[in-house]
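Contents: one structure, followed by commentary.
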2 protein chains.
Amino acid sequence: MAEKATQLKLENQICFPLYAVSRLVTQQYKPLLDELGVTYPQYLVLLVLWEKEEIPVKEIAQKLFLETNTLTPLLKRMQSNGIIERKRSKTDERVVIISLTPIGKGFKNKAIEIPNKLVQKLDCFSTEEDVFVMKRILDKILNNAENNETCG
Amino acid sequence: MAEKATQLKLENQICFPLYAVSRLVTQQYKPLLDELGVTYPQYLVLLVLWEKEEIPVKEIAQKLFLETNTLTPLLKRMQSNGIIERKRSKTDERVVIISLTPIGKGFKNKAIEIPNKLVQKLDCFSTEEDVFVMKRILDKILNNAENNETCG
DNA sequence: TATATTTGTATCGTGCACGATTTAAACTTG
DNA sequence: CAAGTTTAAATCGTGCACGATACAAATATA
């Protein structure tokens, strides 16, 4: 029982540092993304679209582990900001295909320096070795989350 | 330049798996916290209050790396759910002191099994070794974030 | 080929996060 | 001690997250 009570201390939670560091890192992006006029989740959508020109909402959702009820309004905002286009698929009228406008494509040149700048910022909080180890573990977890439906 | 373009691929982002895993883990808590009728950030406030009976809003904010503009409405919801009490400090009228109601104190017994249940759930996604290593790195980052104002 | 089921988006409501601003109390300084 | 500054909460507005529900198109089944 004493051990279980100890497990309820904030410092012993696994989840909490994950939650706090995630927000901390997102905050590091803010000034860089402000220059593009996008939010952090919108930036993730841009990363997806820079890898694939035309992609259905559903597929973006799967890549980012988000639901369409989060993405639909987010994509509408990006559309009204002139960054992306939304059009219905010809072959399946249910599907909405997302693509970049010339403006959205142009953002890639501005964004090219962001990853390096962010690594510099993270140097204030961690070593590159630690960041690398952490990323490897997180990727493993995400990978298992994609494949392990038996377990959840 | 080719290297910089590679860095813009989603799979090469540090931030993204952090963001996605953070949400994934929070989702694992949901069914457990539903039994208490609290959200995940509210659960974090409970963890703080189980360690310290009476605590100002500001101090909770510092422990959880949140702003008071996030906490004030959250605490009001917890108050109207009968979990906590809010009262002005006698010695400093600016300060609002948060404390648990008997109901909030009683939640601790119900919550005592949550950490173990969560570890079990995480076993589906990761090894305990990896979780331990990750937590150590995340704690280091948080620690540096608390102390390094020169760098940000 | 009607009917039922599944699938991809969209809509709605609640609760965070967080920047910006406001307010009142406490503190500092001239 | 009066004026300016700092500090702790609160308020406001915007944008996620996400559960629940709706709806229409596509598919499966009777």
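In what follows, chains carry the letters A, B, and so on, assigned in the order in which the sequence lines appear, proteins first and then strands, with residues in each chain numbered from 1.
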Inset, instruction - Pull out every residue in residues 53-66 of chain A that has a heavy atom closer than 4.0 Å to any atom of DNA chain D, ordered by number, or say none. - result: none
Inset, instruction - For the side chain of A:Arg94, starting at C-beta, report the closest nucleotide among C:dA26, C:dT7, C:dT9. - result: C:dT7
Legend entry - Contact interval (first through last nucleotide) of DNA chain D with protein chain A, 4.0 Å heavy-atom: D:dG15 to D:dA26
Legend entry - Spatial distance of atom NZ (B:Lys140) from atom CG (B:Leu142) [nearest 0.5 Å]: 12.5 Å
Inset, instruction - For B:Glu67 and C:dA20, give me the distance from atom CD to atom P, rounded to whole Å. - result: 11 Å
Inset, instruction - Enter the distance from A:Leu24:CG to B:Glu146:CD here, rounded to the nearest 0.5 Å. - result: 10.5 Å
Legend entry - Nearest-nucleotide comparison on DNA chain C, the residue closer to the 5′ end among B:Asp92 and B:Asn81: B:Asn81
Inset, instruction - Please identify each residue that fulfils side chain to side chain contact (heavy atoms under 4.5 Å, CB included) with B:Glu54, with sequence neighbours left out. - result: B:Lys87, B:Ile97, B:Ser99
Legend entry - Strand-adjacent residues in residues 32-46 of chain B, judged by heavy atoms under 4.0 Å from DNA chain D: none
Inset, instruction - Supply the atom-to-atom distance A:Met78 CE to A:Leu49 CG, rounded to the nearest 0.5 angstrom. - result: 6.5 Å
Legend entry - B:Glu93, nearest nucleotide to its side chain (from C:dC12, C:dG8, C:dA26): C:dA26
Inset, instruction - Look only at the side chain of B:Thr72 and the backbone of B:Thr68, and say whether a donor-acceptor pair between them is shorter than 3.5 Å. - result: yes
Legend entry - salt bridge (Lys or Arg N to Asp or Glu O under 4.0 Å) contacts touching residues 58-78 of chain B (sequence neighbours left out): B:Lys52-B:Glu59
Inset, instruction - Compare side-chain N and O positions of A:Thr68 against OP1 and OP2 of C:dT9 and report whether any pair is under 4.0 Å apart. - result: no
Inset, instruction - Could you tell me whether A:Glu51 atom CD has more than 12 heavy atoms of other residues or ligands within 6.0 Å of it? - result: yes
Inset, instruction - Return the residues of residues 14-27 of chain A meeting this criterion: a heavy atom under 4.0 Å from some atom of DNA chain C. Order them by number, or give none. - result: A:Tyr19, A:Arg23, A:Gln27
Inset, instruction - Ignoring backbone atoms, establish whether A:Arg86 has a side-chain N or O less than 4.0 Å from OP1 or OP2 of C:dA10. - result: yes
Inset, instruction - Spell out, as yes or no, whether a donor-acceptor pair under 3.5 Å connects the side chain of A:Thr101 to the backbone of A:Ile83. - result: yes
Legend entry - Close aromatic pair by centroid cut-off 6.0 Å: A:Tyr40 and B:Tyr19: yes
Inset, instruction - For the residue pair A:Tyr43 and A:Tyr29, categorise the inter-ring angle as parallel (less than 30°), tilted (30 to 60°) or perpendicular (more than 60°). - result: tilted
